[in-house]
Amino acid sequence: MTGHAPSTRAGPRVLFWVQHLLGIGHVHRATLLARAMAAAGLRVTVASGGFPVAGTDFGPARVVPLPPARAADPSFRVLLDAEGAPIDDAWRARRRAALLDLAAEVRPDLIVTETWPFGRRSFAFELEPLIEAARRTNPALVVAASVRDILVEKPAKKTRAMAETARAVCDLVLVHGDPTVVPFEASFPDAPLIADRIAYTGYVAPPRRAGAPDPGASTDGRDAVIVAAGGGAVGAGLFEAAAGARALSRRAGDTVWRLLLGPDLPEAAAASIRRRIGTGIVVEAARPDYPDLLAGCRLSVSQAGYNTVMDVLAAGCRALFVPFAADGETEQATRARLLAERGLAGMVAEAGLDADRLAAAVDRVLAGPAPPRPTLKVDGARESGRLLSAALGVRVPVPPGGEADRVSPAPS
């Protein structure tokens, strides 16, 4: 994780609170948002509450680590500190004090919270005091929530509490999606209660090219089956099934299958997968040229996390999603289902997945029609920067070429 000293130039001050607990998608999306805010003329300080993630770059933003926390497992019921012990009231007091001290130094004009209050509600112990203290110092403070397109389903009582908190503390709710693809109310039924706060930004994705990869790019993905699970922390089951599925597939048993193991996949699981692979299967670390691999592949097989889906849809390839759904997680399953209903991908449930079921699902997708070529609005980071700057009275020029970047995927 990289960061820089605070900028000395003039401009509104932003305190961007970011807390990833299990996967790496949240922090990577946050890097794009931080860089976009800086490009829009804002002075950004990132309060980072997670463990460091290699390769992240917040650009000119200043990154200040808080005492880190992570989830003990996919249930998110237990949070662990830097020593691997469950967090307690003493830890919370230290963490709250560190955040309040940072806010007193920054004196923000804008606070942006990543996910909260639509998740990360166990961190209300520090965020509610943060906003109260910042508003006492600056009555004109703007508070914005940054949230992905789909939330994990919650009981009605919790959903209502999220909406009430958002209405009470947020001036703006940035939904990083497109209502014509997935409306926020599809996973958050109380969205009408905060309709006047919601602004859709489009999807937050790294800048990329339309069409084929550069002529000098790797050809490793050409006609291959690319299997990925993001950071990999909860991807072992998918990789185990894929290791045996190639030999069973009628429509993809004649090509290379590339299994891209994420950095958070436990080493024991990675070793087990490597022992099981047969002819025609390549196991390697997750690759930065993943989008280029997809551009020429026969099929993408992946989980359905936000960032991975953006890469898959932008590539326009045939795709099969195996959404992570353990411990009550519904976000990926909802995203995969909605995309499957629109004919953009196939879907197979994670529960009970084995090589036979995965091979059958692969063959169904390859036997079906090619997916349509949607035009995706993927400049969500830049639009977020524009919206936040506008909320602070800062005008951001529209770049040449129009108001938004759109990616028309290459034909499969």
Side-chain angles (χ1 to χ4, degrees), residues 14-23 25-27 29-30 33-34 37 46-50 66 69-71 75-77 79 87 92 95-96 98-100 102-103 108-136 138 141-177 179 182-201 204 306 328-331 334 380 384 387-388 391:
V14 180
L15 183 58
F16 185 15
W17 180 91
V18 179
Q19 176 67 63
H20 67 283
L21 292 173
L22 186 64
H26 286 271
V27 72
R29 187 164 58 250
L33 292 169
M37 284 188 273
V46 178
S48 178
L66 300 172
R70 63 178 177 84
S75 74
F76 295 93
R77 294 187 185 94
L79 302 182
I87 65 172
R92 292 184 184 91
R95 167 92 172 220
R96 181 169 54 241
L99 183 59
L100 291 175
L102 178 60
D109 301 296
L110 167 67
I111 290 176
V112 180
T113 59
E114 200 277 326
T115 300
W116 187 85
F118 303 95
R120 305 291 188 263
R121 289 177 61 81
S122 57
F123 290 87
F125 74 89
E126 65 180 8
L127 289 170
E128 290 176 352
L130 167 68
I131 293 169
E132 291 172 4
R135 279 206 165 118
R136 285 195 299 269
N138 180 4
L141 177 76
V142 174
V143 177
S146 163
V147 64
R148 63 194 175 201
D149 57 340
I150 296 172
L151 302 181
V152 175
E153 293 178 12
K154 299 291 184 183
K157 184 176 180 180
K158 288 187 177 181
T159 299
R160 181 58 57 92
M162 291 177 188
E164 290 174 348
T165 300
R167 185 148 199 92
V169 305
C170 295
D171 302 287
L172 190 61
V173 175
L174 300 177
V175 177
H176 301 308
V182 181
F184 195 41
E185 56 266 27
S187 62
F188 190 67
D190 281 320
L193 297 179
I194 54 170
D196 59 331
R197 310 287 204 273
I198 292 175
Y200 288 93
T201 68
V204 175
Y306 183 101
E329 288 291 312
T330 60
E331 173 236 332
T334 300
S384 297
L387 288 166
L388 293 169

I'd like a table of donor-acceptor pairs (distance under 3.5 Å, sequence neighbours excluded) in which one partner is a side-chain atom from residues 144-154, with atom names and distances.
residue	atom	partner	partner atom	Å
S146	OG	H176	NE2	2.7
R148	NE	I150	O	3.2
R148	NH1	H26	NE2	3.1
R148	NH1	E331	OE1	3.4
R148	NH2	E331	OE1	3.1
D149	OD1	R335	NH2	2.7

Do you know which two heavy atoms are closest between [X] and [Y], and how far apart they sit?
| X | Y | answer |
| --- | --- | --- |
| P108 | N138 | O-ND2, 3.2 Å |
| R197 | C170 | NE-O, 2.9 Å |
| T201 | S384 | CG2-OG, 3.3 Å |
| L66 | G49 | CB-CA, 4.2 Å |
| A133 | L100 | CB-CD2, 4.1 Å |
| F118 | A166 | CZ-CB, 3.7 Å |

Taking salt bridge (Lys or Arg N to Asp or Glu O under 4.0 Å) as the test, write out the residues that go with R92, two or more places apart.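 Residues passing salt bridge (Lys or Arg N to Asp or Glu O under 4.0 Å) with R92: D89.
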By salt bridge (Lys or Arg N to Asp or Glu O under 4.0 Å), which residues pair with R121, not counting sequence neighbours?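 Listed in chain order: nothing, the list is empty.
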Partner set under side-chain contact (heavy atoms from CB on, under 4.5 Å) for [X], not counting sequence neighbours:
| X | result |
| --- | --- |
| A199 | L172, L174, L387 |
| A191 | F184, E185, F188, I198 |
| E128 | W116, A124 |

After noting the C-alpha distance and the side-chain angles of V14 and L388, does the key distance pass the side chain to side chain contact (heavy atoms under 4.5 Å, CB included) rule? CA-CA 10 Å; V14 180; L388 293 169; over 6 Å; no
F123 vs L21 side-chain heavy atoms within contact, under 4.5 Å: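 In contact.
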Considering only heavy atoms from C-beta outward, does the side chain of L127 approach that of V169 to under 4.5 Å?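 Sidechains of V169 and L127: no contact.
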Once you round to the nearest 0.5 Å, how far does CD1 of I111 lie from CZ of F16?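 The CD1 atom of I111 sits 12.5 Å away from the CZ atom of F16.
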Would you give the length of the straight line joining atom CG of L15 to atom CG of L130, rounded to the nearest 0.5 angstrom?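 If I round to the nearest 0.5 Å, the distance is 6.0 Å.
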According to ring pair (Phe, Tyr, Trp, His ring centres under 6.0 Å), who are the partners of Y306, at least two apart in sequence or on a separate chain?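 Per chain and number, Y306 pairs via ring pair (Phe, Tyr, Trp, His ring centres under 6.0 Å) with Y203.
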Just jot down the side-chain hydrogen bond (donor to acceptor under 3.5 Å, both in side chains) partners of W17, sequence neighbours excluded, or say none.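 Once residues adjacent in sequence are excluded, the partners of W17 under the side-chain hydrogen bond (donor to acceptor under 3.5 Å, both in side chains) criterion are E126.
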I need the full list of salt bridge (charged side-chain N to carboxylate O under 4.0 Å, His left out) pairs touching residues 158-176, with sequence neighbours left out, sorted by first then second residue.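 Sorted pair list: R135-D171, R160-D190, R167-D196.
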Take R29 and E114 through the test side chain to side chain contact (heavy atoms under 4.5 Å, CB included) and record every step on the way to the result. CA-CA 10 Å; R29 187 164 58 250; E114 200 277 326; 3.5 Å; yes
